[in-house]
Every structure is written in C-alpha cells, then in structure tokens.
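Naming: A, B, ... by sequence-line order, numbering from 1 per chain.
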2 protein chains.
Amino acid sequence: MARKATPKAEASAQKILDAALELFRERGFDGATMRDIARKAGVATGAAYYYYPSKDALVLAFYQHASAEMQPRIEAALAGARGLEAGLRELIRVKLDYFAPNRPVLRALLRNGADPKHPLSPFSPETGAIRAFDLEWFRRILSDCGFGIPRDLAPHLPDVLWLFQMGVIYFWVTDDSPGQARSYRLLDRAAKAVAVLVRLSALPLMRPVRKVALELIAIVKGPDDTAVPA
Amino acid sequence: MARKATPKAEASAQKILDAALELFRERGFDGATMRDIARKAGVATGAAYYYYPSKDALVLAFYQHASAEMQPRIEAALAGARGLEAGLRELIRVKLDYFAPNRPVLRALLRNGADPKHPLSPFSPETGAIRAFDLEWFRRILSDCGFGIPRDLAPHLPDVLWLFQMGVIYFWVTDDSPGQARSYRLLDRAAKAVAVLVRLSALPLMRPVRKVALELIAIVKGPDDTAVPA
DNA sequence: GTCTATATCGGGATAGAC
DNA sequence: GTCTATCCCGATATAGAC
C-alpha cells in the first residue's frame, strides 16, 4: 500500500491512514466516508484512493502496521511469562490492549471472516503474512512451555491456538462490558482451561480423545496443509 | 415485511424475494443491485423498497421464511433420530441441506455476526424469534436423548449446542469442497464428539471440569440471561 | 393499498487532466 | 502525485396512476 518511494509520499500515506483511524474510532467504519477521511488528511478523495485502492485497504494497512508494531511488545510480554497458560494469556492480552482504541476497525476486519476470498478476511492470502507471524509466536509458546506435547498433536497445536485467539478476539470486539472486562475474564479462565487440556492430552488414557481431536483438526484444516481455511 | 393484506401484494412480495434470491445466488449479495432485483421481478425499484425497506431486509425475510419452512422438516428428521448424536446431526443436516442452494445469502447474514447491533446479526433482537425456535429444538433433543444431564449444566446446554451449530454453519458457508463434503464430515464427527462429551460430563470424576465449563459459560452469556451475546 | 416514474442524495470508486 | 469530474449504487422522497 504505502509507496516508500519518496518521504513526501510516505508522509501523505501516513496522514491519510491517521485521519482514517481517527474517523473510524469516532464514527465507526461505515460512518466514516472517504470524502471525510481525505478532507481531514488535507488531500482530495482521489489522492486517498491513490494510496489506498479501497476503504478496506485502509483497514488492511492498519492491520499490517499493527502487527509489525506489536512484535516487540509481544516479545517483552512473553519474557515475563512462564508456562503455556501465562504465555497464551499474555500474548493475547497484548493484542487486546493494543487494539483497544480501535475496536471498530477490528470489527470491520472480522466481519469479512465469513468469506475467505475477501481480502480482509483473517483467512485470506492478503493477511497470510500476519497469520504466519502469529503462528510463530504460538509455536514458541508451545516449545517454551516446559512440558511434553504429544508428537501427533504438536504440528497442529499452533493452528488450534491461533483459532482460539480468533475466538477470543471475536468475543472481545462484540463485548460491551466496561473496559471489555468480560473479555479479559474470559481470556484468563479460557487460557487456563486450554493449558490444562493440552497438559492432559499427553496422558496415555487420553489417546482415544486425542485421536478424535486429530480427526476433527484434519477435516477443518482440509486437504492442503498450507492454510487454515476456516 | 410481507404485507398479508391482499393476495396480490403477497404475490408481489414473493416475486421480489424470489428474484433477489436468484440474483444473490448468481452474483452474490454485493453483486446484485436493487435495480436489477426490481427489474427481474418486473416491478419498479420503488416497489421493491415498498416491500423491503432495505437490501438487508431481503436477507432477513429469506431467513425468517426459511426458518418457518424448516420446522416440519426438522420434525420429520428428528422422528427418525435416536439419541443426542443423531439428533444433533440430523437437526443441523436439515439446515445445511435446506440452505445449500443459497449459501451466498447465508454468508451475507453471517458476515454481520461481529456486530450484535446489526439487524442481520444472528445475535440481534430482529433474529431473536428464529433463535428461540432453534433453542426449542435443542432442548427437545437433550430431553429426548435418553441419558441424564447434570442439573447445573442442563439449563445452559441448549445455548452451547446452538453456538456449536453456528460454528458448523460458519464453516459450511466458507467450505469450497465439492458439495461441501468436508462440512458434512465435520458435522458427523463433531456431533459424535459433542454427544460423548455431554455423556462424560455426568461422571462424578468430571465435576471439576464441569465447574470450569460452567464458569466459562457464565462469562460468555454475561450478566443478563435473556440472550446469547456472542 | 399498490404500485410507476423520476428526481435526488450521499458514498465508494474510477478516469483523465494537470 | 494530486485534483476535478464523473459514474454507479443504495436509499429516500414525491407526485400521481389505478
């Protein structure tokens, strides 16, 4: 999106993105018009479209920018987190905290989840790079958590945890409790439950359960292993 | 939506809805314009808006119509289904089969799920009546399934199963496998897994697990018991 | 009450001049 | 790279035919 050619162009792109985010926050995604965004940024509507080919592209740009900016924050948060439960909780907490001022923007993102072909879907190729960064963190949490993960489950767990994260975020964008307190409570409890489940999954007694889970995972992931289709 | 005043009016409303559904199927929700829909139905654009105040209203009307039409089909399907697994599977299968020709319409519905305030959200007040019918079926499946449900879990299980259903449908609308074969496989296996889980939940050994589950359910359902917010 | 026809508006997106 | 003008679409409004 953002042409890096000249400093001036980059400044314009940033100016437009900032104006867009502010208006999204104030009036929501649909309430903010491209005309308003352009005017607030001090450019013509056509100029806005020069940098961002669509209104959705502004959301995508924010998402990419956010992902990059969150990497060091996640690193720092995980440095102080021991174990799977804490790792999971802190990783997702960083995201909720970071996105908090821009919940309407995230809603605009998630509403296209039902259509994997939509560029803004969390499952789309366009957001694939961001997904890859996320998965890397989940892999790290799992390998650092200190207890053994069953070999058959191990390669799929990052995807499962990623889906868990999406579920929490989905709940969070729709959560109207003050400060999204319910979401944070849910995250606390659910992270603990997931950690216990992963731990229990290693027990010999749990082999049949694991087998069923693996079958479900295989169906959801589909014939191609490259993506998480839904 | 549909004025029942005169047969002629009802016929017009139906004609417009049919034209809309056909165009949605052909070009998707966004690809079909109100002008096209009206022209295809042989009426003026204003007439379409006379019956359906918005494009979304067409989707809502379809959803309501579908819900009503599915009731006897569900009744018939459940008559031949014994046990929780079969009941769950057949109930959801009826819906997938019924909706199959109109997957794009259902996508238009589900994409607003991230915003409970949107009229088309499956969690919105406007779709509340449909949700109530659904919940009644889940209650019936549970009470007919033949084994005891723990007292503490019982009042919440219909909501949980409803959410499970939404998950399957969400997967189904994004499923591009031929005939949505993957979705049906998922439904088969997942219904079995859910049934086993419910059965196991009654074991004395499972009390602590049940307690955690109940806590999660309480957080998700929120302070008001009237609705399933997300 | 059930429409047609038409004008109008706001908003996303594009083309082409500069 | 940026702006102006324009197009299309969803939605609203209105006047009037039947």
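- Here the C1' atom of nucleotide C:dA5 and the CZ atom of B:Arg39 are 15 Å apart, to the nearest Å.
- The closest side-chain heavy-atom distance from B:Leu120 to B:Arg111 is not below 4.5 Å.
- The phosphate of C:dA13 has neither OP1 nor OP2 within less than 4.0 Å of any side-chain N or O from A:Tyr52.
- For A:Tyr50, no side-chain nitrogen or oxygen approaches OP1 or OP2 of D:dT2 to under 4.0 Å.
- Remark: C1' of C:dT4 and CD1 of B:Ile16 are 13 Å apart, rounded to the nearest angstrom.
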* Protein-to-nucleotide contact annotation, 5' to 3' order, nucleotides 9-18 of chain D [B base; S sugar-phosphate only; - none; under 4.0 Å, heavy atom] -> BBBB------
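- Looking at B:Glu136 and B:Arg139, a side-chain N of the basic residue comes within less than 4.0 Å of a carboxylate O on the acidic one, giving a salt bridge.
- Checked against C:dG1, D:dT2, C:dT4, the side chain of B:Thr6 finds its nearest nucleotide in C:dG1.
- A salt bridge links A:Asp188 to A:Arg93: at least one charged side-chain nitrogen sits closer than 4.0 Å to a carboxylate oxygen.
- Donor-acceptor pairing under 3.5 Å is lacking for the side chains of A:Tyr63 and A:Asn102.
- Distance CD (B:Glu10) to C1' (C:dG1): 15 Å, rounded to an integer number of Å.
- Remark: A:Arg73 does not engage A:Glu69 in a salt bridge, criterion side-chain N to carboxylate O under 4.0 Å.
- The pair A:Lys15-A:Asp18 does not count as a salt bridge, with every side-chain nitrogen at least 4.0 angstrom from each carboxylate oxygen.
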